[in-house]
Amino acid sequence: MKKLLEPVFIESADMGKVSALINSMNDEVECQLLYQSDAETLFEGNLKINNPLVVHGTFGYRTCLNGSLLKNGGNIREEGSYSIIKFMPNYVIEGKYKNEQLEFDQVVFCIQDFSEWLRMRRQESKSGEEELTVVSVSRKNDTINKLSVDEFDLEFGLNINIEHSKSDTYFRNKGFVKVKLKEKKSLGEVEEIITKLRYFLMLFIEYKMPYIEEVSVSNYVEINSDEDYFTNQPKELYVRNLNVLSDAQGISLGGCLYTFPDIQEQFLDMLKEWLELYDEIKLPLDKFAYASYTKEIPIDSRFKETVIALESLHKSVEKYKNGKIEETSLTNRLKDIFQQLGMIEDESIRENIAKKCVKTRNFYSHLIDKNEDIFNSYEMVEIIPILKEAFTNYILINIGIEKINSRAYMQIDELIKKMKI
């Protein structure tokens, strides 16, 4: 949502006398609701709004839903007793909707600096050297690719975003992803599709979790049996915590392990495999994202969580491919991942690094000093990028990438020197 801070009106027959203040000055949106009746009586002790809450201000109508209510205490005026409640909606959508209308058949979201990842390669005949140039944009929207899978049709590309200041006008290439759903989806299902695609892009953008700048949805709303109304204008959508692990600094070309031209020919096949694999590996994905992108996490916790994510990923992929999980040690699982990726050629070094990873994970999980040889904090700085790259590339080889890219060789060499193997 656009940043705002203003009083609003509530439209609800069940809520009695109520006023509110809606605040979206930050990434979070909250409504502070002021009741003249007791909130616990009003909500029968269950501080939760299950039905859409429509608010109205100078910005027009917004529909808030599926949020939680946090009671902050009352008696804020001397002349009467009031209850003040903070409502944190999971979704805020532009417009006025009823429950039965909250299904959508298209979602478009813009990713900050997505144009960097969509950069195209061409040969410059004058110098004979390869140059990187952004796809030229001559129209309002320039679609780079159109793909189709069972669940949706996908388009992504660039559009021109025009920004004005007092003295200048700026033209900015803005990358978008457009998803045309083959069946209408609820807002929760729309959010899940965005998350699937966002995690997919994360595999290629090594050092960033994609930051979603804007989300909009559109739908076909049936008013009654005699008249249909088509909402062809996209409606702005806010999704709570969508960017909780994202860095708003955007994507840099140097931070991409793979750009779109690197995988363009196989992108569709990989996407199909990803959508098949996703449900099986969602838990290790969430663990990996937490370990990789949570700010100010201690180095030992980041290491431990990354190793746990790798172990879970190996088991999940094994179950997906073979229908069962073979009993084996964590050391063997790490060795197998390193070997499949060709990260550590020497078998004895591969085994020693895997064993030291396990000993370090065990120590920081149980905090029992058995005088084991574990990684110190400086060595963990070297090993974590190796483990992160192993995680993403292990997924990529299992969804059909043709050529593996790597930046971990320098860290591996430094690690071997420090371990004196």
ask   = Hey, are Glu151 and Lys185 close enough for a salt bridge, meaning a charged N less than 4.0 Å from a carboxylate O?
value = yes

task = Carefully, step by step, assess Tyr278 and Glu192 under the rule side-chain contact (heavy atoms from CB on, under 4.5 Å).
result = CA-CA 11 Å; Tyr278 177 82; Glu192 183 69 11; 3.2 Å; yes

ask   = Any ion pair linking Lys324 and Glu326 (charged N to carboxylate O, less than 4.0 Å)?
value = yes

inquiry  = I want to check something: taking the side chain as every heavy atom from C-beta on, are Phe204 and Leu257 in contact at a cut-off of under 4.5 Å?
reply    = no

task = Using a strict 4.0 Å threshold on nitrogen-to-oxygen distance, state whether Arg333 and Glu318 make a salt bridge.
result = yes

ask   = Does Glu305 pair with Lys287 as a salt bridge, N-O distance under 4.0 Å?
value = yes

note = d(Phe288 CZ, Leu310 CG) to nearest 0.5 Å is 8.0 Å

query = Rounded to the nearest 0.5 Å, how far does CG of Asn243 lie from CD of Gln112?
reply = 9.0 Å

key: Shortest non-hydrogen separation from Ser148 to Lys272 and the atoms involved   = O-CE, 3.8 Å

ask   = For Leu313 and Tyr394, what are the C-alpha separation, side-chain angles and deciding distance, and is it a side-chain contact (heavy atoms from CB on, under 4.5 Å)?
value = CA-CA 9 Å; Leu313 176 67; Tyr394 186 68; 3.7 Å; yes

query = Atom CD1 in Ile297, atom NZ in Lys304: separation rounded to 0.5 Å?
reply = 8.5 Å

query = Does a side-chain heavy-atom distance below 4.5 Å link Val108 with Val179?
reply = no

inquiry  = I'd like to know if the side chain of Glu280 reaches the main chain of Lys319, judged simply by a donor and an acceptor atom lying under 3.5 Å from each other, with no hydrogens or angles considered.
reply    = no

task = Check the pair Glu345 / Arg350 against salt bridge (Lys or Arg N to Asp or Glu O under 4.0 Å), numbers first and verdict last.
result = CA-CA 7 Å; Glu345 294 183 1; Arg350 189 164 60 237; over 6 Å; no

inquiry  = Between Asp286 and Tyr199, do the side chains contain a donor N or O and an acceptor N or O under 3.5 Å apart?
reply    = yes

message = Taking the side chain as everything from C-beta on, heavy atoms only, tell me whether Lys184 gets closer than 4.5 Å to Asn219.
response = no

message = Quick check: closest heavy atoms across Ala309 and Pro284, and the distance to 0.1 Å?
response = O-CB, 3.6 Å

Contact check, side chains of Leu275 and Asp150, non-hydrogen atoms, under 4.5 Å = no

key: Side chain Arg62, main chain Ile93, donor-acceptor under 3.5 Å   = no

key: Pairing of Lys182 and Asp153 as salt bridge, 4.0 angstrom limit   = yes

query = If every non-hydrogen atom of Ile251 is compared with every non-hydrogen atom of Glu116, which pair is closest and at what distance?
reply = O-CG, 3.5 Å

ask   = What is the distance from atom CG of Leu197 to atom CG of Leu271, rounded to the nearest 0.5 Å?
value = 6.5 Å

key: Short side-chain to backbone donor-acceptor contact, Ser186 and Glu103, under 3.5 Å   = no

query = Mind checking whether Leu396 and Ile404 have side chains closer than 4.5 Å, heavy atoms only?
reply = no

request  = Measure up the Phe303 and Phe375 rings against each other and bin them: parallel (under 30°), tilted (30 to 60°), perpendicular (over 60°).
outcome  = perpendicular

inquiry  = Within the 4.5 Å heavy-atom criterion, are Trp274 and Leu203 side-chain neighbours or not?
reply    = yes

task = Could you tell me how the ring of Trp117 sits relative to the ring of Phe114: parallel (under 30°), tilted (30 to 60°) or perpendicular (over 60°)?
result = parallel

ask   = Okay, side chain of Arg240, backbone of Met88: is any donor-acceptor separation there less than 3.5 Å?
value = yes

query = Should the pair Glu379-Lys356 be classified as a salt bridge under the 4.0 Å nitrogen-to-oxygen rule?
reply = yes

task = Please confirm whether the backbone N or O of Pro210 pairs with a side-chain atom of Arg198, one donor and one acceptor, at under 3.5 Å?
result = yes

message = So which atom in Met209 and which in Ala289 form the shortest heavy-atom distance, rounded to 0.1 Å?
response = CE-CB, 3.8 Å

query = Could you walk me through whether Ile401 and Met270 pass the side-chain contact (heavy atoms from CB on, under 4.5 Å) check?
reply = CA-CA 7 Å; Ile401 197 166; Met270 291 172 64; 4.0 Å; yes

message = One pair to check against side-chain contact (heavy atoms from CB on, under 4.5 Å): Glu389 and Met343. What are the steps and the verdict?
response = CA-CA 10 Å; Glu389 186 177 289; Met343 296 183 75; 4.2 Å; yes

query = Atom OG1 of Thr331 and atom CZ of Arg361: how far apart are they, to the nearest 0.5 Å?
reply = 9.0 Å

message = I'd like to check Leu285 versus Ile395 (side-chain heavy atoms, cut-off strictly below 4.5 Å). Are they in contact?
response = yes

task = Assess the pair Phe109 and Phe156: is the distance between their ring centroids shorter than 6.0 Å?
result = no

note = Output for pair (Lys335 NZ, Thr328 OG1), nearest 0.5 Å, gives 8.5 Å

query = Is a donor on one side and an acceptor on the other found under 3.5 Å between the side chain of Arg302 and the backbone of Ala291?
reply = yes

ask   = Heavy-atom count around Glu276 CD within 6.0 Å, excluding the residue itself: above 12?
value = no

message = Restricting to non-hydrogen atoms, name the atom on Asp336 and the atom on Gln340 that form the minimum distance, rounded to 0.1 Å.
response = OD2-NE2, 2.7 Å

message = Take a 6.0 Å sphere around OH of Tyr290 and say whether it holds more than 12 heavy atoms from other residues, nucleotides or ligands.
response = no

message = Could you check whether atom CG of Asn322 has more than 12 heavy atoms from other residues, nucleotides or ligands sitting under 6.0 Å from it?
response = yes

query = Does Gly400 offer a backbone N or O that forms a donor-acceptor pair with the side chain of Gln266 under 3.5 Å?
reply = yes

Asp262 vs Thr259, side chain to side chain donor-acceptor pair (under 3.5 Å): CA-CA, chis, key distance, verdict = CA-CA 5 Å; Asp262 297 328; Thr259 59; 3.2 Å; yes

ask   = Could Lys235 and Tyr91 be counted as a cation-pi pair, given that NZ or CZ must be under 6.0 Å from the ring centre and within 45° of the axis?
value = no

Considering all heavy atoms, the nearest Lys96-Thr63 contact = CA-OG1, 3.5 Å

query = Looking only at side chains, do Asn393 and Tyr258 share a donor and an acceptor under 3.5 Å apart?
reply = yes

ask   = Do Asn398 and Lys321 get their side chains close enough for a donor-acceptor pair, meaning under 3.5 Å?
value = yes

ask   = Do side-chain atoms of Glu273 reach the backbone of Ile399 as a donor and acceptor pair under 3.5 angstrom?
value = no

key: Crowding at CD, Glu100 (>12 non-hydrogen neighbours, <6.0 Å)   = yes

key: N/O donor-acceptor pair under 3.5 Å between Asp105 side chain and Leu181 backbone   = no

query = Centroid-to-centroid, Tyr97 to Tyr61, below 6.0 Å?
reply = no

message = For the backbone of Val239 and the side chain of Asn90, can you confirm whether one donor and one acceptor N or O come within less than 3.5 Å of each other?
response = no

Ser329 and Asn332 side chains, donor-acceptor separation under 3.5 Å = yes

message = Is any side-chain heavy atom of Val190 closer than 4.5 Å to one of Val217?
response = yes

